[in-house]
Engineer: 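Please read through the structure below; I'll follow up with questions.
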Amino acid sequence: MILLQISNIKLGIEKTEEDAYEKALKIAGLTKRDVISWKILKYSVDARNQSQIHKIYTLGIYVASYYKSRKNVRVVEKEKKYSYVVSGKQELKSPPVVIGFGPAGMFAAYLLACGGYRPVIIERGGMVEERTRAVEKFWQTGDLDLNCNVQFGEGGAGTFSDGKLNTGIKDKENRIQFVLETFVKFGADEKILYDAKPHIGTDVLKKVVQNMRKYILEKGGTFYFHTALKDITYEHGSLCKLILSNGKVLETDLCILAIGHSARDTFEMLYKKGVIMEQKPFAIGVRVEHSQKKINQSQYGFEDNRLGAASYKLTYKTKKNRGVYSFCMCPGGYVVDASSENEMKVVNGMSYAKRNGENANSAIVVTVSPKDFPKNHPLSGMEYQRELEKRAYMEGKGQIPIQRYGDFKKNRTTDKLGTIKPQIKGKYSFANLNHIFPQYITEALIEGMEYFGTKIRGFHDEDVVLSAVETRTSSPVRILRDEEYQSNVVGLMPAGEGAGYAGGITSAAIDGMKISEFIAGRYKIPQEETK
């Protein structure tokens, strides 16, 4: 059996997947009797010309044999598949420990469990079911659980997001496809396997996370929820103990550190213990809300959702050479209070699988680098974030501060809304966001918004709603590691977005996978349980 890849199948927006299959048969010169099975390999929408919007498909058709030569038909005699081999010879005294169960930790633990390593997973927050209850309570009452919130808990920060899975990383080993297939295996829609802009949605992602946890448990994994890493002990440069917040001490020589970008107390502890880290650039800004119908109209030429809620991606370089760009765009989504520390305020974006909310939102952020930070210290970027989050809390009087864009430009406090009504999870109040940011950020945001208004109609309208502050675009630090994923403490292996090696769900998952692959290639499966 061989696979035929039929590409560049253009159809009108009213056509269906079955129509794509019929056209693929004609392109390849086949009849249905020749076909063993078929599947969609890729799907996208070409809306560059709104008078001629097309759906673009690439289909895979399995046949017993094929000897023709046709344009847009490629014969794939052997499909590439991701492989994971346990071949290590070196002894491990105990099962490997994974700190954090966000995407990097999830996939690291999943591969280790599949390989028979019985990983021990430490998660400072709760299981996703109770975490959801804690977050909903926070949004309704303002009662913040410092260890179980939008940033912390099973599934990581991405669980309360749009669940976007697209990534620009290189991938010769087909790890991206494996990540997508794993999500489908545990409950995601099969469409993510071929959609050019795959997303899961927060509601479905919660179910996927639960199912992955259950599978790891079935394979002998152990979970400690509501448990944070409080300290580490190492001797002669090698890890030997982990001290946990529940009083337990784990003796281990291997720990995957997938703590996420918001575990600030853990960063502080690791720095004090001599783990080498450095500052890194990130971006800060605001969430902007527009009518989803207006975004659809601008992108597609019609307001309805026949092609799904439209998205966008925008970039700009200011006159002073600052980067301004859209980040984590959430079609039909909600702005959420994503705070994780007392008397600080952070926002993020979230969408459900159907993306059927009234508004579109995204972060519009400005790049900042170590030269903008107050000190030449590895954690100075983190303190820079904290200062802005404190200002946002004060400006919003303990709630999310919001402002109309027209008022933001005129540096005056908003006192009433216009045509756009905020879609926000959490309490909010009118404010002047100019009071939060340094002037160079305010100037860059306005310059960027005005430019984006030339690309998307209505993007810089007076009534566009801004909320603050978006600071958690990526980690403010990078925990240094070598080519074997080791920090300067041997056995302590930084992973994922928090450690500074990924940006988004898929790239973080792949980073966790790479570390588990390294472990499988070096170490035997341990025979005794962690003490």
Engineer: Would the distance check show the side chain of E450 and the main-chain N or O of H460 forming a donor-acceptor pair, the cut-off being under 3.5 Å?
Structural biologist: no

Engineer: Charged N to carboxylate O below 4.0 Å: is that the case for R264 and E341?
Structural biologist: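 E341 and R264: salt-bridged.
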
Engineer: Okay, side chain of T414, backbone of R404: is any donor-acceptor separation there less than 3.5 Å?
Structural biologist: yes

Engineer: Do N359 and N361 get their side chains close enough for a donor-acceptor pair, meaning under 3.5 Å?
Structural biologist: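 No pair is found: no donor N or O on one side chain lies under 3.5 Å from an acceptor on the other.
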
Engineer: When you measure from the centre of the six-membered ring of Y215, is the NZ or CZ of K185 closer than 6.0 Å and no more than 45° off the axis?
Structural biologist: yes

Engineer: Sort out for me which residue in V179, D511, L112 forms a side chain to side chain contact (heavy atoms under 4.5 Å, CB included) with F107.
Structural biologist: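 The option that passes is V179.
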
Engineer: State, with a plain yes or no, whether a side-chain heavy atom of F437 is found less than 4.5 Å away from one of V366.
Structural biologist: no

Engineer: Classify the side-chain pair E389/Q385 by whether it contains a donor and acceptor separated by less than 3.5 Å.
Structural biologist: no

Engineer: Indicate yes or no: at least one non-hydrogen side-chain atom of L193 is less than 4.5 angstrom from one of Q177.
Structural biologist: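 SC-SC contact between L193 and Q177 confirmed.
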
Engineer: Under a 4.5 Å cut-off applied to non-hydrogen side-chain atoms, are I441 and V368 in contact?
Structural biologist: yes

Engineer: Run the salt-bridge test on R131 and E123 with the 4.0 Å N-O cut-off and return the result as yes or no.
Structural biologist: no

Engineer: Could you check whether any side-chain heavy atom of P96 comes within less than 4.5 Å of a side-chain heavy atom of I256, counting everything from C-beta outward?
Structural biologist: no

Engineer: Less than 4.0 angstrom from a charged side-chain N to a carboxylate O is my criterion; do D46 and R48 meet it?
Structural biologist: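 Salt bridge between D46 and R48, a charged N being under 4.0 Å from a carboxylate O: yes.
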
Engineer: Start with the C-alpha gap between V324 and Y451, add the side-chain angles, then the distance that decides, and say whether side-chain contact (heavy atoms from CB on, under 4.5 Å) holds.
Structural biologist: CA-CA 10 Å; V324 185; Y451 174 78; over 6 Å; no

Engineer: Considering non-hydrogen atoms only, spot the tightest contact between M329 and A360 and give its length.
Structural biologist: CE-CB, 3.6 Å

Engineer: Just checking F459 against Y312, ring centres under 6.0 Å apart?
Structural biologist: yes

Engineer: Closer than 4.0 angstrom, basic N to acidic O: yes or no for D265 and R124?
Structural biologist: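 Judged by the 4.0 Å cut-off on N to carboxylate O distance, D265 and R124 do form a salt bridge.
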
Engineer: With the threshold set at 4.0 Å, does a side-chain nitrogen-carboxylate oxygen contact exist between E14 and R306?
Structural biologist: no

Engineer: Are F282 and F373 near enough that their ring centres are under 6.0 Å apart?
Structural biologist: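 Yes, the ring of F282 comes within the 6.0 Å limit of the ring of F373, centre to centre.
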
Engineer: Mind checking whether F223 and F225 have parallel, tilted or perpendicular rings, split at 30° and 60°?
Structural biologist: parallel

Engineer: Closer than 4.0 angstrom, basic N to acidic O: yes or no for R386 and E383?
Structural biologist: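 Result for this pair is yes, salt bridge flagged.
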
Engineer: Can you confirm whether the side chains of D304 and N296 place a donor and an acceptor under 3.5 Å from each other?
Structural biologist: no

Engineer: Do the side chains of L229 and I259 get nearer than 4.5 Å, heavy atoms only?
Structural biologist: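 SC-SC contact between I259 and L229 ruled out.
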
Engineer: So, N149 and S340: side-chain donor and acceptor under 3.5 Å apart, yes or no?
Structural biologist: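 No, no side-chain donor-acceptor contact under 3.5 Å.
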
Engineer: Mind listing the closest non-hydrogen atom pair of D189 and V184 along with its distance?
Structural biologist: O-CG2, 3.7 Å

Engineer: Measuring only between side-chain heavy atoms, which start at C-beta, is S339 closer than 4.5 Å to F138?
Structural biologist: yes

Engineer: About how many Å separate NZ of K455 and NZ of K313, when rounded to the nearest 0.5 Å?
Structural biologist: 15.5 Å

Engineer: On a heavy-atom basis, which atom in V204 and which in A353 lie closest, and how many Å separate them?
Structural biologist: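 Scanning both residues completely, I find the closest heavy atoms to be CG2-CB, 3.8 Å.
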
Engineer: Do Y224 and F101 have their ring centres less than 6.0 Å from each other?
Structural biologist: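 Centroid separation for Y224 and F101: 6.0 Å or greater.
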
Engineer: Kindly give the heavy-atom pair with the smallest separation between Y300 and A47, and that separation in Å.
Structural biologist: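 Smallest interatomic distance, heavy atoms only, reads CD2-CB, 3.8 Å.
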
Engineer: Indicate the atoms forming the closest heavy-atom contact of G349 with V336, along with that distance.
Structural biologist: N-CG2, 4.4 Å

Engineer: Can you confirm whether or not the ring centre of Y110 sits under 6.0 Å from the ring centre of F186?
Structural biologist: yes

Engineer: Parallel, tilted or perpendicular: which describes the rings of F408 and Y405, with under 30° parallel and over 60° perpendicular?
Structural biologist: tilted

Engineer: Listed by chain and number, what are the salt bridge (charged side-chain N to carboxylate O under 4.0 Å, His left out) partners of R175, not counting sequence neighbours?
Structural biologist: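 Scan of R175 (salt bridge (charged side-chain N to carboxylate O under 4.0 Å, His left out), adjacent residues dropped) gives E173, E517.
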
Engineer: Keeping the roles fixed (side chain from S429, backbone from G396), state whether a donor-acceptor pair exists under 3.5 Å.
Structural biologist: yes

Engineer: In this structure, which one of R355, Q423, R287 forms a side chain to side chain contact (heavy atoms under 4.5 Å, CB included) with C330?
Structural biologist: R287

Engineer: Taking H290 for the side chain and I295 for the main chain, is one N or O donor matched with an acceptor at less than 3.5 Å?
Structural biologist: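 The answer is no, because no donor-acceptor pair under 3.5 Å joins these two groups.
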
Engineer: For N411 and N432, does a side-chain donor sit closer than 3.5 Å to a side-chain acceptor?
Structural biologist: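 N432 and N411 do have a side-chain donor-acceptor pair below 3.5 Å.
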
Engineer: For the atom pair CD (Q210) and CD (E129), what is the distance rounded to the nearest 0.5 Å?
Structural biologist: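 If we round to the nearest 0.5 Å, Q210:CD and E129:CD are 3.5 Å apart.
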
Engineer: Could you check if a side-chain atom of Q292 sits within less than 4.5 angstrom of a side-chain atom of P331, using non-hydrogen atoms only?
Structural biologist: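 The answer is yes; the side chains approach within 4.5 Å.
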
Engineer: Give a yes or no on whether the backbone of P494 and the side-chain of R481 come within a donor-acceptor separation of less than 3.5 Å.
Structural biologist: yes

Engineer: So do T202 and Y352 actually touch side chain to side chain, heavy atoms under 4.5 Å?
Structural biologist: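 Yes - at least one pair of side-chain heavy atoms lies under 4.5 Å apart.
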
